[in-house]
Structures are given as C-alpha cells and as structure tokens.
Amino acid sequence: MIKKELLPLQMECTMLFQANPSVLETIASLEERLGRKREDIQHVIDVLVKQGIVEKTGNDPVPSFLYKKPAVKTESDLTNELEIL
Amino acid sequence: MNQSIELLEDLQKTYAFQYDLTIMLTDEYGELVLPAEGNNQLCNTLLHQDNESLLDEIKDSLNQKWNISKPIVYDVLPGIHVVVAPVKSGSESTYFLWAGVMVEEQTRDLVKEHLHTKFQVELEWEEVLEQTPTITKENRQKWIERTNKLADLAALCLQYDKGTSAIQLPTELLRETTKYEEFDFSELLHRFLVHIEEFDFLGLAEQEKEDLYEVTQITGSGAESFRGATFSPGEGFLGRVLLTGKYAYWENVESDPRSVFFRSYEFRPKSLFCEPIRQHDGSISLLFGGSFSKRRISNEEAALGKTLTVLLEVSLSIHSLRLENTQQLNRLTSLVDICRLMASTPDLKRILFILVDISINLVEGPFSCVIFKDIENDKMKLVSRGDIKGNLGEYAEDLARRYYDSFAQSLPDHQEPRVHQINEYEQAIECPLCHGDDLLGILCVGVDDLSETQLREHLAFLHTLSIIGAVSLQLAKQGDTGGEEDRKVEALYRAVEQFDLETFAVMKEAATLTAEFTTVMGMPAIAARDAIHACQLSFYPEEFIRDNFPGSQIPDILSEGRALSECRPSGDSEDVKTESQVFSLVYTYVAGGRKIEEISHLEGTANELYSKFVSFVEDKQVVEQEFTLTDGAATGQKSRSLEHAIKTKVKLSAREQEVLALVMEGLNNRGIAEALYISDHTVKNHVTKIFKKLEVSDRAQAISKVYQLMYEQQR
C-alpha cells in the first residue's frame with residue numbers, strides 16, 4: 001500500500017513513465033530526474049509494479065523499469081451486440 | 001517567581017536574621033534552589049571560598065545519597081556544624097534545607113587551626129569564629145526544631161507551588177505539543193512522564209490486526225522490555241479496557257493473577273491505569289501508565305494522569321488532522337497538475353491512459369478501466385488495467401448497457417459517481433464522463449474493502465478527475481474533427497509560398513511566435529491552434545476563408561484581429577476573442593518589423609494581453625542578445641562551452657544541467673515542467689538546488705553567474 005505522503009510522487013512517476021513509454025528507467029535515474037530520496041522512489045516503484053503500471057525488464061543486477069500500456073480493446077458496436085443478446 | 005516562592009524567601013530571611021544563621025535550600029544534588037540568606041560570617045566566608053567552598057562540601061556529601069526523614073546536625077567540616085532538614089515535596093524528599101553554621105566552644109582552637117591549614121588565606125579566622133554561634137547540648141535540640149519548622153513551612157510553600165503548576169502544566173504541555181509541525185510521540189510521552197511524579201512509565205498500545213493489539217510506544221526506566229508486547233481484546237488488564245471502552249485503574253497489580261502476562265515481558269508494575277483513546281481515523285488505542293514502586297497512586301496524580309490522557313488525545317487529533325490536511329493538499333496539487341496536463345493534451349489515447357493510471361494510483365484497487373464511445377465508427381473502446389477474475393469484458397458490456405441505455409441517461413443524477421456491486425465480493429466506483437448532456441464514456445475503478453471515510457475521499461477525487469477527463473476528452477474529440485481542417489489550412493498556407501515569399505515569411509514567423517506565446521500563456525490547445533491557423537491564412541480575405549471553413553473560428557479571428565490592428569470597430573468590440581487579440585498583436589508586430597512601437601496602438605484595446613506580449617517579446621530579446629555576447633559562430637560551441645563551464649565549476653547533475661539550460665532559455669517552472677514531463681514541485685526542487693550550487697538567489701543572478709563562468713572559462 002502506498003504511503004499517503006508518497007501519492008504525489010507516485011502520480012508524478014506514473015506520468016513520467018507514461019510520457020516516455022519507451023524509456024527504461026532505473027531507481028538511480030529516477031532519483032536524479034526527480035530529485036527525491038532513493039527509498040521513496042523504491043517504494044513508489046514497488047507499488048507501480050504491483051499496480052501493473054510499470055514492469056521490470058531484463059535480468060540485470062540493476063533492475064530497469066518500463067511503462068506497461070493499459071490493455072485496449074475495441075468492440076464493434078458493443079451496444080448493438082448487447083441488444084441482440 | 002510566584003507568590004509561594006516569595007513567601008518562602010521571606011521566611012528564609014526572617015529565620016536567618018532571627019537566629020544568626022545562614023540558611024539555604026538545595027536540591028538533592030546540592031544545587032542551590034534558594035540562595036544563601038543570613039549574616040553568619042563563618043558560613044558566608046566558607047561559601048565564598050574559591051576552592052573547596054562550603055557548597056562543594058555539601059555537594060560531595062549529597063553524593064552519598066542521603067536517606068534522612070528528619071533534621072540532623074551534620075559536620076560539614078571538622079568541628080563546624082550545620083543543621084540539615086529534608087523538605088518533603090510531594091511524596092519524595094527532593095530538597096534539603098541547610099541552616100548553619102555553629103561550632104562547639106571547646107573545639108574553636110582546633111577549628112581555627114584546621115581552617116588556616118585548609119584554606120591558607122590571610123584571614124582573621126579567630127575574629128570570624130568569635131562571631132559564630134556556639135552549639136551546646138542545651139540549644140542543639142532547639143536548632144533542630146527551628147530548622148524542622150522552617151523545613152515544614154518550605155514544604156507547604158513548595159506543595160502549593162506544585163499544585164499551581166499542576167493546573168498550568170496541561171495548558172503549557174498542550175501549547176508545546178501543538179507548536180511543532182514534526183510530531184514525535186515517544187518524545188511527547190516522555191515530556192508527560194517527567195511531569196507526573198508518581199508514575200514510572202507511560203505507553204501506548206495500537207491495533208495491529210483485527211483482533212490483536214501491540215505496545216508500540218513506551219517510555220520510562222525499566223519499561224522498554226514491554227515494547228512489542230501483543231494482546232487481544234479481553235486479555236489481561238489492557239485487553240479488558242478494549243472491551244469496556246472505559247478508564248480503569250488497578251492497585252496491587254503484582255498480586256493479581258492477570259499480572260502473569262506482564263511478568264512474561266519482565267514488566268512488573270505495582271499500580272496501573274489504562275485509558276482508551278479514540279484516534280482520528282476511528283480506531284481505538286490504549287494509553288497506559290503506572291508505577292513500579294507504588295502499589296497505589298495518589299488521587300491527585302491519578303487525576304493529573306487522566307487530564308494528561310485527554311491532552312494526549314487532543315494532541316494526537318491535532319497532529320493527525322494537520323498531517324491529513326497536508327496530505328490532502330499534496331494530493332489535490334498533484335491532481336490539479338494532472339488535470340492541467342489532460343486539459344492541455346488534445347490526445348485522446350493519452351487522456352484515456354491518464355484516467356486509467358491515475359485512478360488506480362488513487363484507489364489502489366484490483367482494476368481500473370474506461371469505456372469510451374468512438375463517434376467516428378460508433379464503436380466502444382475499452383481501456384483497462386487489472387482485471388476482475390477474467391470477467392472485465394463481461395463487466396464492461398454490462399456497464400455499457402446500463403449507462404448508454406436511454407432510460408439511465410434520463411436519471412437526474414446520472415452524472416454523479418456511484419458505487420456499483422459487481423458481484424457478491426467485488427464493487428467498483430463508476431464515474432460517468434459527461435460533457436453537457438452527452439455521455440462520452442465511463443471511468444470505473446475496482447475497490448477493495450474500504451472504510452466510509454476512504455470511500456468518500458475516493459469518490460470526491462475520482463469525481464474531480466472524471467469532470468476534467470470529460471472536458472479534455474471533448475476537447476480532444478474536437479481536435480480530431482479538426483484533422484481535415486488542418487490539412488486544408490496547410491495546403492492554403494503552403495500555396496502562398498509559391499507566389500509570395502515575402503508574405504509567406506511573415507506568416508510563418510507570426511505562426512511560430514503565436515505558438516510560443518500561447519504556450520507561455522497556457523492558452524487552451526484548441527484556441528491556440530485557431531490563432532496559429534489565422535496567422536497561416538492571413539494572406540486570404542475573410543470571405544474566402546469563411547466559404548472554405550464553414551463553422552470555423554478562423555474567419556472570425558481574422559476579421560476581429562484585423563479590425564483591432566486597424567483601430568476600427570468590429571461588431572461587439574467589448575467581446576473580442578482572446579485568439580483574435582493574440583493574432584492582432586503577433587501579426588502586427590511581425591509585419592511591422594518586430595518593433596514594439598508598431599503595436600502600441602493596441603495597448604488600449606487589449607491592455608492585459610498587450611502587457612504580457614510586450615514582456616514575452618522583451619524576455620525573448622534579452623535571451624537572444626545574451627547569446628550574441630560570446631564570440632564564435634557555432635552555437636554548438638557556445639553551448640558546449642556553457643556545458644563545460646557548468647560541469648567543471650559548479651558540479652551540477654545531468655538533470656540539473658537540463659533544467660538550467662531551460663532556465664537560460666527563459667522558461668518558467670511550468671514551462672520547464674511541461675518540457676521535461678515532471679511536476680512543478682520537482683522543477684522547483686531542481687531550481688533551488690541549482691541556485692544553491694551557483695550561490696545565487698534568483699533566475700537573473702543564475703543567468704549572470706553562468707555567463708560569468710563561461711567568461712572565466714574562455715580567458
């Protein structure tokens with residue numbers, strides 16, 4: 001669970017990953033980019049991984065994280081189909 | 001100094017002068033509480049010796065931890081006597097009254113010799129000793145009784161003083177505990193414990209799990225072993241209070257079978273109180289305290305303990321509210337940042353992603369999704385994160401049916417968020433994304449078990465997010481329909497290039513400047529786009545544009561803007577669009593050879609915007625001129641020089657260098673935040689660190705410092 005005081009940082013990280021969907025970030029790179037404490041960044045990233053917003057990539061000793069796009073599904077005229085049902 | 005202490009001082013003086021003694025009051029360590037009073041010359045002389053003074057002797061003797069309950073005659077130095085009486089303050093003898101000094105007649109010579117040897121100062125000890133009262137078997141008891149009486153009076157005065165402090169204490173403690181932003185509970189307990197004399201420990205037990213409580217805080221000598229102890233409601237002394245919900249007090253605790261629980265933690269209280277505290281979030285915690293040495297706590301101390309418990313409860317509430325307030329403010333600030341970003345991002349996909357991601361950030365539920373109706377192909381789009389045990393698609397279909405049903409839309413509260421029970425175990429907050437009477441989509445977030453307060457909080461935040469989300473979606477949809485318009489504008493704009501290069505150059509420059517100015521102003525994306533298009537189509541007559549762009553704002557902007565530039569009225573001149581004012585200012589400025597005086601006639605009609613534009617243009621000029629100061633044709637060389645200077649002289653991090661480069665370009669914090677996709681707060685952090693490293697206090701000084709560094713580098 002995210003600590004209440006870290007929610008703004010969590011939102012900021014989410015928006016950063018979302019705006020740069022192909023950029024790999026490490027805890028250290030985020031620490032420098034956002035100028036926040038390492039342990040806070042680590043906590044936020046753990047929560048974002050749990051929420052499925054970012055995913056850990058590769059097996060490097062220093063883990064990198066990448067934005068995971070939400071699932072997008074298009075139904076052909078969903079309402080009409082429902083009416084048929 | 002309060003009245004009781006003043007009274008004690010008067011008593012001290014009266015006794016001292018009446019009986020030719022010097023009298024003083026010390027604490028248990030020999031530190032003076034009331035300074036010496038009286039004319040006993042030997043005593044005063046001994047007190048004023050630089051080395052081994054009388055007070056040093058007293059301190060040395062008290063190091064032996066005296067345990068006296070009545071006055072005694074004590075040889076403070078060989079043959080020199082003083083009566084010392086314990087002063088009972090509360091239950092402990094913490095003060096000592098000293099009255100002296102006296103000598104025995106038969107030992108005066110020996111004392112004189114000893115004083116000469118000990119102090120080795122040129123003093124007429126014989127004369128001093130002659131004036132010193134003599135202690136005899138007869139008067140010895142009288143001295144003791146007098147001193148004892150004075151000690152009793154002193155005790156009364158001190159008790160009265162303590163009683164007064166007991167009343168003042170809660171107010172002072174409350175003031176003290178609420179004064180600080182930072183809240184340290186153990187420090188608070190410690191402060192309280194210091195003021196309740198009969199208590200040896202104070203602690204707090206908080207709910208750890210549903211049926212388990214843990215001692216999370218404890219203070220007091222010998223009490224630390226009880227930290228971390230766990231118990232259930234109903235178990236032992238403390239657990240009982242959880243059941244009754246009422247204050248409880250126990251004496252002779254060690255002989256109660258329930259004390260086995262305490263003993264297992266090497267915690268052996270003899271008396272104990274426990275008070276339930278209702279925390280701000282509705283949970284119950286237990287405050288407890290007591291004594292390791294006393295089987296019974298006096299009524300006064302117990303009452304003070306209760307008062308302090310109430311105080312502690314109030315302090316906790318104040319700090320909890322303060323913390324919550326700060327957190328809410330931070331969350332709200334973040335939400336505002338996100339809403340601002342959504343509103344200025346005419347990108348449908350991005351807005352849907354933001355809605356899905358931020359809502360799961362906020363609620364931390366099992367899933368979040370948006371269903372959105374694509375007007376172009378009338379298809380439903382589902383953007384989701386997480387799942388409901390593989391049934392998200394089914395839920396989305398049900399959602400679409402419920403909300404897009406015409407009956408549902410006619411309900412008066414159909415725009416309000418609501419909680420929907422998906423199945424027996426799962427529920428979701430559903431927020432319709434409405435623009436006017438149009439239902440653009442629905443934002444849904446799964447919620448786990450939440451308290452009523454949490455649910456209310458989430459509903460409010462998601463409601464705000466969905467309102468801005470809907471407005472942004474509407475703007476993005478309008479942007480999408482502008483695709484055809486964009487292509488036509490581009491074609492007509494490019495056509496001018498073929499036959500009038502000069503006008504094309506002006507149009508191009510005006511369009512670029514408009515884009516920059518509207519970004520700095522934070523103008524809505526659609527309005528900014530129309531103003532840019534107006535610049536790109538300014539070659540053509542309004543009628544031609546009106547015929548080719550029916551329903552578009554561009555011909556109106558051209559018409560109003562030109563009327564403004566030419567100082568002629570255009571319809572309702574009171575209500576000229578901002579886009580038209582921007583077009584008029586920028587185009588006239590560029591066409592007039594980039595001279596401010598060319599637009600001075602617009603100051604009256606577009607006053608506020610005029611000032612902003614002039615300031616924007618001046619800032620731009622300053623930045624450009626500063627860059628021309630250095631020699632060398634290649635800008636790359638300059639920036640490399642800048643980079644090198646910063647790296648070698650100031651040691652900025654890579655990110656700070658990026659931020660500084662944007663500061664040098666004249667961007668404000670908001671502009672930098674948007675350029676780097678970070679929050680205003682983070683930019684502020686970076687800028688503050690940069691200023692600190694550069695040892696400057698504002699942007700102007702920072703820019704000046706950087707150029708100074710570059711100059712030094714080049715020398």
Side-chain angles (χ1 to χ4, degrees), chain A residues 1-23 25-26 28-38 40-41 43-55 67-85, chain B residues 323-324 326-328 330-335 337-338 341 349-350 352-354 356-358 360-362 364-365 367-371 373-374 377-387 392-393 396-398 400-401 404-405 653-656 658 676-679 681-683 685-686 688-689:
Chain A
M1 193 171 162
I2 190 77
K3 291 177 192 162
K4 269 192 170 182
E5 64 273 20
L6 290 183
L7 188 62
L9 179 62
Q10 187 194 3
M11 290 189 188
E12 191 174 355
C13 279
T14 301
M15 299 308 282
L16 183 76
F17 276 106
Q18 205 184 72
N20 306 283
S22 53
V23 176
E25 296 284 0
T26 62
S29 69
L30 287 168
E31 194 184 347
E32 194 191 318
R33 256 176 194 275
L34 303 174
R36 302 294 183 91
K37 281 192 283 183
R38 191 183 186 86
D40 289 349
I41 302 263
H43 181 71
V44 162
I45 289 296
D46 290 345
V47 174
L48 291 184
V49 169
K50 202 174 153 203
Q51 290 179 351
I53 292 173
V54 298
E55 58 188 345
Y67 182 64
K68 192 175 168 188
K69 287 182 186 170
V72 180
K73 194 173 167 187
T74 307
E75 301 284 345
S76 55
D77 206 346
L78 194 59
T79 45
N80 283 345
E81 277 184 20
L82 286 167
E83 277 162 19
I84 296 163
L85 284 169
Chain B
L323 185 68
E324 196 176 301
T326 313
Q327 287 171 349
Q328 288 287 47
N330 286 340
R331 290 175 72 183
L332 204 58
T333 310
S334 303
L335 199 61
D337 281 345
I338 285 154
L341 181 67
K349 194 173 90 177
R350 181 86 201 276
L352 294 174
F353 282 17
I354 291 174
V356 168
D357 286 347
I358 294 303
I360 208 166
N361 269 183
L362 282 169
E364 292 192 76
F367 75 93
S368 69
C369 69
V370 176
I371 60 165
K373 195 167 189 177
D374 196 334
N377 50 22
D378 208 27
K379 281 180 183 172
M380 299 299 291
K381 191 175 262 186
L382 171 68
V383 180
S384 65
R385 201 177 273 295
D387 208 340
L392 190 64
E397 283 184 7
D398 173 57
R401 191 209 313 259
Y404 280 97
D405 183 294
S653 71
R655 194 59 165 180
E656 286 164 353
E658 278 182 74
L676 299 178
Y677 293 106
I678 53 179
S679 72
H681 178 75
T682 300
V683 174
N685 262 355
H686 284 311
T688 309
K689 281 184 190 165

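Convention: sequence-line order gives letters A, B, ...; per-chain numbering from 1. Model, not experiment: these values are computed from the prediction.
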Could you work out, with salt bridge (Lys or Arg N to Asp or Glu O under 4.0 Å) as the rule, every residue matching B:Glu658, not counting sequence neighbours? B:Arg655

If I compare all heavy atoms of B:Arg385 with all of A:Lys68, which pair ends up nearest, and what's the gap? NH2-O, 2.6 Å

Could you pull out the closest heavy-atom pair between A:Met11 and B:Ser334, with the gap in Å? SD-CB, 3.5 Å

For A:Lys73 and B:Gly393 the tightest heavy-atom approach is NZ-CA, 4.3 Å

Is chain B contacted by the side chain of A:Leu48, its backbone, both, or neither, given a heavy-atom distance below 4.5 Å? side chain

Could you check whether any side-chain heavy atom of A:Arg36 comes within less than 4.5 Å of a side-chain heavy atom of B:Asn685, counting everything from C-beta outward? yes

Could you tell me if the side chain of B:Asp357 sits less than 4.5 Å from the side chain of A:Met15, heavy atoms only? no

Determine whether B:Thr682 and A:Arg33 make a side-chain contact, defined as any pair of heavy atoms from C-beta on separated by less than 4.5 Å. no

Measuring heavy-atom distances to chain B, does A:Glu32 have an atom under 4.5 Å in its side chain, in its backbone, in both, or in neither? both

Value for CD (A:Gln51) from CD (B:Glu364), rounded to nearest 0.5 Å, stands at 5.5 Å

So, the part of B:Asn330 with a heavy atom under 4.5 Å from chain A: the answer is both

Can you find a heavy atom in the side chain of A:Ile53 that is under 4.5 Å from one in the side chain of B:Asn361? yes

Which heavy atom of A:Gly35 sits nearest to which heavy atom of B:Lys689, and what is that distance? O-NZ, 3.7 Å

Counterpart residues, ring-ring contact (aromatic ring centres under 6.0 Å, His included), relative to B:Phe353 (two or more places apart): none

Could you look at A:Tyr67 and say if it's the side chain, the backbone, both or neither that has a heavy atom under 4.5 Å from chain B? side chain

